[in-house]
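In this text the structure is predicted, and so the values were computed from the model without any measurement.
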Amino acid sequence: MASQAASQSATATQSYASQLENDPAKTAEQEQQAAKDKQTASNAKADQALNDAKSTASNVQSQAVQQAHSDKATADKQATATKNEAESNAQTAKNTADANALSSKQSADKQAANDKDSAIKQAQSGKVDGKYAQAVKDAQNQLTADTNTVNQANQNKDTAYTAVPMYNNGSKQFTGIHDIQSEKNLPTSIVNPNIPDSATGDISYNYYGDTLKNDNSEKINGELTNSQQNELADYAITLINSWRKVQGLNPVIWSQQAQDATMETNKLREASKIGFNHNYTDSSLNNKVTLVNNKYGLNHFHENLGMTSDSNQTMAKLKIAILNDITGMIYQDAASNWGHRENFHDANYMGFSVQYNINSTDSEMFPYVFVYEGYTNDNNTTQTVLTPTSAQTIEASRTSGGATKAQLQAVENDKVTLANAQKSLTDATNAANQSIATQLANINDTYEKALRANSVEYQTRLSTADNVYKQAIASAEQTYSNALAKNAANETAKIQQAQSAYNTAIAKATATHDAAIKQAQQTYDAEYAAAHDETPAERTARHAKMLAAFKANEATKLANLKAQQATDLKNFKAQQTAMSKAADQVKAGTHSTTIKTNTKQPNTHTAKQTPQAATDAVSIKSDTVGEQETDAPVLLRQSTPEHTVSVLVPTVKSVQRHGETPEQPAGQAKSTLPQTNESSVAPISLIGVALLGLLGLSYRGLRRKVR
C-alpha cells in the first residue's frame, strides 16, 4: 500500500509539474485585478466583522438592560414585601400592646373594687344588726319556694302561646311558636310570613305546623254538620277581617243570608261532583247557583277555592288548614296574579263552607275543598249580620289552667315581704354608714383615685403603643422609599454601564474595521503599484514554490498512511494474541474457524463468547489456480463474558505464473479498502499484510487442499 501510494504520489507530482509547464506568466493586469479582488475580500471581511460586532454589542446591551429592569422589579417586589411585613408586625405589636393595656386596666380596676369592698366591710363590721340580713334571706327563700310552686303548676297546663307563621319552602321543620300544639295556639289574625319576592309565585306551602299533641276537637266524619260549618266560617271570616283591618278596610259582612246561600251552593257543588273547580266551569251548576243567590237577594261577586289533601280531619286541623290557605292566598298568590287577595280586598258580603269532595275526579287528591263565596247586595235586601266569636273564644282559652289565684297571690305577697326586708337592711346599713361616713368617703375617694390612675395609665400605654406604631410605619415607609430610590439608581447605573460597554465595543469594532480597511487599501496600493508582467525567472520561481508545496502535501499524506498502517498492525497483533490464547482453551469448549479466500471482497470474522461457550468464526476466501474452496473449522470454547470480535480479512490472489504487470508484481495482492462501522476493525491494508505476514499461521496451514 505504501509503495503503491508512493508511486501514485510520484505520478501525481509529475502530472502537476506538467500542468505548471503549461501555465503562462502572469500579466500586470492580472496582478492588479488580483490585488483588487484581495482588497474587496478584505473589505467584505472587515464589514462582516463590524456588523457581527455591532449585533453582538447590541444583544449584550439589550440583555443587560432587560436584566437591569428585571433586577429592579425583583428588588421593588422585595421592598414592598418587606414594607408590608414591617407594617403587619407593627400593627400586631400595637394590637398586643393595646390588649395588654386594657387587660392591665381591667385587672387594676377589679383589684380597686375588691379593695373598696373589703374596706367597706371592714368599716361596717359590727355596725349593722345581723337580723336585717337574715330577714332578707328568709324573704328571698320564701319567694323562691312560692315561685317554684307557681312554675310547677304552670308546667302542667297547656302551652298558651299564639302561633306565628314562618316562610317554609317545604324543607324546614316547624318548631317553637311556629308549631300549633292545641287550639289555644291558633292565631286570630293573619300575619305576614315574610315570603321572599322570588318565591311569591310558587305554589303555596304551609306556614304553620300542626303537631296538635292534645287534639280534643271534634272529628270530621265525611260531610260536615251545619254547626261545624258555621264554626269554621266564623274562624275564616275572623281571619279575613283581621287582614282587612290592617289594610284600612271595613270588615266584610258575614250575613245569615250570605252564609245560607254559600251552604246551598256547597250542596249543589257536592251533587254536581264539580270537585276543585269554579262554578262557572259548569253552566248548569252556575245557573242553579244564580237562582240560589237571587233567593237571598244577593249577586254573586267572586269565588275563591282552597283545599286540603288530608282525609283524616278534625275541627282543629281544618282550622289550621284554613289558616294556611288564607295566608297563602294573601301573601303567596303571584301565580294567580294576586286574584285571590283582590277578592278578599274587594268583598262586600261573604260566606264560607267546606265541600265534602266525594266521587269527583279529584276527590282522592282533595277530599275537602274550601269555598269562599263573595256577594254584593245591589237591591238593598235586608241582611241579618252575624258577629264572629272565634277571636274571643280562642283568646279566652289561652288563660285557662295553671297556678291558682292563691298561689299567684302568695308570690306577690312574698315579693312585698322581700322588698320590705331589703329596705330595712338598707336603712340599717345607711344608719351605720352615717356613723362612718367620713371613713366611707375616704374609701370611695381612694377607689375613685385608683380608677382615675388606672385610666390615665391605660391612656398613656395606648398613646405609647400608638406612637411606636406610627414610628414603625414611618420607618417602614422611609425604608421602602429609600429602597425604591436605590433600586432605580441601580437600574440607571446598569443601563448606563451597558450603554458605555456598547459604545466601547462599537468604537473598538469600528477602529478595527477602519484599520482593516486602511490596511487593505495600503496592501492594494502597494500591490497595484508593484504590478508588472511576470518575468520568466519570476514565473519559474512561482512554479517551483507551488510544486514544492504540492510535493510537501503529498509527502504528508504518505507519512500519515504509513503511521496508520503501523497503528493497524499493532492492533491486529493484539487481536491475534487474544485469538491464540482462546485456541489454547480447546479443552474447555469448542471454537470454530472457517477460512476461505476470495479475491472479490474481504470477509468479517466475528466471535461471540458467553460464560458457557462462545464460537469464533474466521472465513478466508481465495480464487487460487488449481485449488478448490475449502472450510477448515476449528472449535474453541471460552468462558469469558459474551462479546463480539470482528476482523476484516484481506483479499489475496494466488501467484500468477504468467502475464505479470509492473503495476501488480508477481505474488503481490491488489487490496481494496472496504468501509465498516465496527470501531474495532483494522483497515484492510493492515489486515492484508498482517494476515499474510504476522498472523503466525501459514497460508498452507490454514487451508486443506482438495485435489
Side-chain angles (χ1 to χ4, degrees), residues 110 113-114 116-118 120-121 123-166 173-191 208-217 235 238-239 242 314-316 319-320 323 388-435 440:
K110 183 177 180 181
N114 292 336
K116 174 189 173 184
D117 292 340
S118 296
I120 291 175
K121 289 179 181 179
Q124 291 178 339
S125 61
K127 301 294 183 181
V128 180
D129 193 334
K131 67 179 182 180
Y132 297 107
Q134 186 61 45
V136 171
K137 184 177 181 180
D138 293 342
Q140 182 63 60
N141 290 338
Q142 187 61 46
L143 175 60
T144 300
D146 290 340
T147 300
N148 289 337
T149 300
V150 170
N151 291 338
Q152 185 62 43
N154 287 335
Q155 287 179 1
N156 296 328
K157 76 169 186 176
D158 293 336
T159 304
Y161 60 84
T162 301
V164 296
M166 65 175 283
Q173 182 70 31
F174 290 103
T175 58
I177 60 175
H178 305 300
D179 183 37
I180 298 175
Q181 300 183 24
S182 73
E183 288 186 278
K184 293 180 181 181
N185 303 137
L186 284 171
T188 57
S189 60
I190 293 296
V191 178
Y208 299 86
D210 58 350
T211 302
L212 292 175
K213 295 180 179 178
N214 299 308
D215 186 4
N216 297 320
S217 63
Y235 184 61
T238 297
L239 295 176
S242 73
T314 64
M315 287 295 288
K319 287 179 182 178
I320 296 173
L323 173 64
T389 61
S390 293
Q392 294 83 347
T393 302
I394 293 174
E395 293 299 335
S397 69
R398 300 193 208 282
T399 61
S400 63
T404 64
K405 184 176 181 180
Q407 291 171 330
L408 295 174
Q409 186 60 49
V411 171
E412 295 301 321
N413 294 339
D414 293 340
K415 291 179 181 178
V416 173
T417 301
L418 177 60
N420 292 335
Q422 288 174 334
K423 184 177 183 304
S424 298
L425 176 60
T426 300
D427 292 342
T429 302
N430 290 337
N433 291 341
Q434 187 66 31
S435 65
L440 291 178

Do you know the tightest heavy-atom contact between A421 and A139?
CB-CB, 4.3 Å
Please name all residues satisfying salt bridge (Lys or Arg N to Asp or Glu O under 4.0 Å) with D138, sequence neighbours left out, ordered by chain then number.
none
Name all residues meeting the side-chain hydrogen bond (donor to acceptor under 3.5 Å, both in side chains) criterion together with N433; count only those two or more places apart in sequence or in a different chain, and write none if there are none.
Q124
Which residue in the set I320, L239, T393 passes side chain to side chain contact (heavy atoms under 4.5 Å, CB included) when paired with L186?
I320
Can you name the closest pair of heavy atoms from L440 and I120 and give their distance?
CD2-CG1, 3.9 Å
Is there a donor-acceptor contact under 3.5 Å from the side chain of H178 to the main chain of V164?
yes
May I have all residue pairs that pass salt bridge (charged side-chain N to carboxylate O under 4.0 Å, His left out) and include part of residues 419-429, sequence neighbours excluded?
K423-D427
Closest heavy-atom pair, T188 versus A391, reported as atoms and distance to 0.1 Å, is CG2-CA, 3.7 Å
Nearest 0.5 angstrom please: M166 CE to I177 CD1, how far?
10.5 Å
Can you tell me if N430 and Q434 form a side-chain donor-acceptor pair at under 3.5 Å?
no
Note: L418 and Q140 closest approach over all heavy atoms is CD2-OE1, 3.1 Å
Sequence-distant partners of Q142, side-chain hydrogen bond (donor to acceptor under 3.5 Å, both in side chains), two or more places apart:
D146
Is the side chain of S182 donor-acceptor paired with the backbone N or O of K184 at a distance under 3.5 Å, no angle test?
yes
Report yes if some heavy atom in the side chain of I180 is under 4.5 Å from a heavy atom in the side chain of L323; otherwise report no.
yes
Main-chain N/O of F174 paired with D179 side-chain donor or acceptor, under 3.5 Å
no
Decide yes or no for S217 and L212: does some side-chain heavy atom of the first lie under 4.5 Å from some side-chain heavy atom of the second?
no
Going by heavy atoms in the side chains, are Y235 and P388 under 4.5 Å from each other?
no
Can you see which heavy atom on A133 is nearest to which on L425, and at what distance?
N-CD1, 3.8 Å
Any side-chain heavy atom of Q181 within less than 4.5 Å of one from Y161?
yes
Taking side-chain hydrogen bond (donor to acceptor under 3.5 Å, both in side chains) as the test, write out the residues that go with T162, two or more places apart.
R398
Give a yes or no on whether the backbone of I190 and the side-chain of S242 come within a donor-acceptor separation of less than 3.5 Å.
yes
Roughly how far, to the nearest 0.5 Å, is the NZ atom of K319 from the OG1 atom of T314?
9.5 Å
Tell me, do L143 and K415 make a side-chain contact under 4.5 Å, heavy atoms counted?
yes
side-chain hydrogen bond (donor to acceptor under 3.5 Å, both in side chains) against S390, all qualifying residues, sequence neighbours excluded:
D234
